[in-house]
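A quick write-up on the structure given underneath.
Just so it is clear, the model here is predicted, and its values are computed rather than measured. For ligands, and for the atoms within them, numbers begin at 1 and follow the listed sequence.
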Amino acid sequence: MKIHEYQSRQLLAEAGVPVPPAEVVDSAAAAGEAHRRIGGRVVVKAQVFAGGRGKAGFVKLCDNPQETQAAAAFMLANRMVSPQTGPAGVAVGRLLVARAVDVVAEFYLGMVIDRVRRCPVVMVSREGGVEIEEVAARRPEAIIKEWLHPLLGLQPFQVRRLAAALGLNAPDRFRDCAAALTGLADVFLRHEASLAEINPLVLTADGRVLALDAKLNFDDNALFRHPEILALHDESEENPDERRARAAGLSYIALDGNIGCVVNGAGLAMATMDLIKLHGGRPANFLDVGGSVTAEGAVEAFRIILADPKVRGVLVNIFGGIAKCDLIAEALIAAAREVGFSVPVVVRLEGTNVQRARRLLEEARVPGLLTATDLTDAASKVCAAV
Ligand code: GDP
Ligand code: MN
């Protein structure tokens with residue numbers, strides 16, 4: 001689960017991470033008033049989950065309340081488009097107005113779980129501000145890592161090493177840098193985050209070390225232990241189709257291709273997407289209907305996929321185990337009756353109750369439905385049809 005920057009910075013500030021004073025607003029007038037209270041120069045920042053706000057013009061330095069009000073009006077009235085949003089962009093409902101600081105240097109601090117070493121890892125870099133993926137690809141040696149003992153957490157000697165790697169070990173700077181590192185690790189471990197990032201952590205002209213941006217993602221499987229984090233959930237930032245799918249008990253991720261996929265099992269879904277790619281197509285979604293799918297859940301899956309205007313064809317690939325082939329066939333027929341298949345639907349069924357499923361589909365004579373004998377046949381048929 002993702003949360004907003006202002007929520008992340010609040011959690012980090014409570015854990016002792018130094019941040020500039022700021023207010024959250026949802027109107028241009030309120031942004032101007034916030035500027036008057038904060039004083040000096042401010043930075044107005046769109047509160048959306050997608051990154052790349054700086055380059056998209058949705059992080060703006062403003063010298064006076066009039067400028068702040070204009071910048072806020074622009075951000076609230078326009079959708080933000082960045083490499084992380086796709087061409088449609090995202091709407092902006094809230095803004096953070098923070099006191100601006102004079103930046104001398106930008107650093108990166110981040111924390112994730114290292115799945116190979118099976119422990120949390122803290123990463124820092126002097127090349128902050130830009131996306132860390134870029135640094136990792138270009139100059140991996142510029143990222144310094146400390147792996148944490150799962151029970152002992154971030155140790156003082158590691159804090160000293162990381163601060164030294166950033167050149168922030170002089171006594172006056174070390175205190176703030178250590179507070180940022182310790183606070184980040186504290187929030188990450190206490191709330192079972194999957195990602196915690198401060199990018200950039202900055203050194204200011206007056207020698208302070210401050211977190212200017214904050215990003216936290218949480219492990220969905222641990223959220224039941226953290227009602228205080230779950231309470232921060234913002235539904236409006238989710239893809240509406242993904243929300244609908246989750247309500248129906250489906251694992252659905254929207255992608256940007258044009259072949260809709262209805263599959264059971266995450267592994268089979270990945271293999272199906274690979275096969276589509278291999279045959280020159282592009283999947284429009286990842287969809288695992290799961291083992292315990294109901295007829296209604298399966299129909300909902302077809303509704304979601306067929307409502308996507310990008311979808312030019314659908315591949316149904318079911319290996320009937322716990323989810324039975326005949327239930328999927330019935331769902332297909334029901335979906336065809338309800339919404340109609342405006343695009344070709346290629347079906348490959350195998351496994352439990354497959355005979356009954358084939359019979360049902362034959363008898364129903366669903367227009368637009370093509371059957372396939374195996375996975376390769378299914379993938380090539382749907383790619384050819386699209
Ligand atoms: P992101 O682009 O979505 O990651 O948004 P950030 O919050 O990281 O802001 C982008 C960039 O804006 C930062 O890397 C800084 O270079 C700049 N920035 C943000 N706040 C300030 C500030 O108070 N003063 C100055 N000079 N630059 C800032
Ligand atoms: Mn940033």
Q) Against heavy atoms of E106, which atoms of ligand 1 measure under 4.0 Å? A) 13 (C), 14 (O), 15 (C), 16 (O)
**Q.** V42 to ligand 1, any heavy atom closer than 4.0 Å
**A.** no
Q: Could you list the atoms of ligand 1 found under 4.0 angstrom from a heavy atom of D213?
A: 1 (P), 4 (O), 5 (O), 6 (P), 7 (O), 8 (O)
Q) Looking at atom 12 (O) of ligand 1, what's its closest protein heavy atom, distance included? A) V59 CG1, 3.8 Å
Q) Among all residues two or more places apart in sequence or in another chain, which pass the ring pair (Phe, Tyr, Trp, His ring centres under 6.0 Å) test with H226? A) none
Q: Starting from atom 18 (N) of ligand 1, locate the nearest protein heavy atom and write down its residue, its atom name and how far away it is, to 0.1 Å.
A: L212 CD1, 4.3 Å
Q: Quick one: do E67 and H35 satisfy side-chain hydrogen bond (donor to acceptor under 3.5 Å, both in side chains)? Show the steps, please.
A: CA-CA 10 Å; E67 229 181 274; H35 190 148; over 6 Å; no
**Q.** Distance filter under 4.0 Å to V101 heavy atoms, resulting ligand 1 atoms
**A.** 22 (C), 23 (O), 24 (N), 25 (C), 26 (N)
Q: Quick one: sort the F218 and H191 rings into parallel, tilted or perpendicular, breaks at 30° and 60°.
A: perpendicular
(Q) Using every non-hydrogen atom in the two residues, find where R358 and L349 come nearest and quote the distance to one decimal. (A) NH2-O, 3.3 Å
(Q) Looking at every non-hydrogen atom in both residues, tell me the closest pair between V44 and C62 and how far apart they are. (A) CG2-SG, 3.9 Å
Q: Could you name all protein N, O or S atoms found under 2.8 Å from the Mn ion (ligand 2)?
A: N199 O, D213 OD2
**Q.** Heavy-atom side-chain contact between L216 and V187 under 4.5 Å
**A.** yes
Q) Given A211, G54, A205, which one has a non-hydrogen atom that is nearest to atom 10 (C) of ligand 1? A) G54
(Q) I want to know if ligand 1 touches D102 in the polar sense, i.e. an N/O pair below 3.5 angstrom. (A) no
(Q) Taking the side chain as everything from C-beta on, heavy atoms only, tell me whether S236 gets closer than 4.5 Å to R243. (A) no
Q) Is there a chain of hydrophobic side chains (I, L, V, M, F, W, Y, each step under 4.5 Å between heavy atoms) that links F174 to V124? A) yes
Q: Would you mind telling me which of V263, V316, L250, L327 makes a side chain to side chain contact (heavy atoms under 4.5 Å, CB included) with V289?
A: L250
Q. Under 4.0 Å from atom 22 (C) of ligand 1, is there any protein heavy atom?
A. yes
(Q) Out of all atoms in ligand 1, which are within 4.0 Å of some heavy atom of A100? Include the element for each. (A) 23 (O)
Q.
Which residue and atom name correspond to the protein heavy atom nearest atom 7 (O) of ligand 1, and how close is it?
A. K45 NZ, 2.6 Å
**Q.** D308 and K310: CA distance, side-chain angles, deciding distance, salt bridge (Lys or Arg N to Asp or Glu O under 4.0 Å) verdict
**A.** CA-CA 5 Å; D308 181 347; K310 291 194 308 295; 3.5 Å; yes
Q | Which of the ligand 1 atoms, numbered from 1, are nearer than 4.0 Å to a heavy atom of N199 | A | 8 (O)
**Q.** Member of E127, R126, E197 meeting the side chain to side chain donor-acceptor pair (under 3.5 Å) criterion with Y108
**A.** E197
Q: Determine whether R356 and C325 make a side-chain contact, defined as any pair of heavy atoms from C-beta on separated by less than 4.5 Å.
A: no
Q: Say whether K55, considering both its backbone and side-chain N or O atoms, lies within less than 3.5 Å of an N or O atom on ligand 1.
A: no
Q. What atoms of ligand 1 come within less than 4.0 Å of a heavy atom belonging to R53?
A. 1 (P), 2 (O), 3 (O), 5 (O), 6 (P), 7 (O)
Q. For ligand 1, which atoms sit closer than 4.0 Å to a heavy atom of V103?
A. 24 (N), 25 (C), 26 (N), 27 (N)
Q: Go through T376 and D374 one step at a time and tell me if the side-chain hydrogen bond (donor to acceptor under 3.5 Å, both in side chains) criterion holds.
A: CA-CA 6 Å; T376 304; D374 61 27; 4.5 Å; no
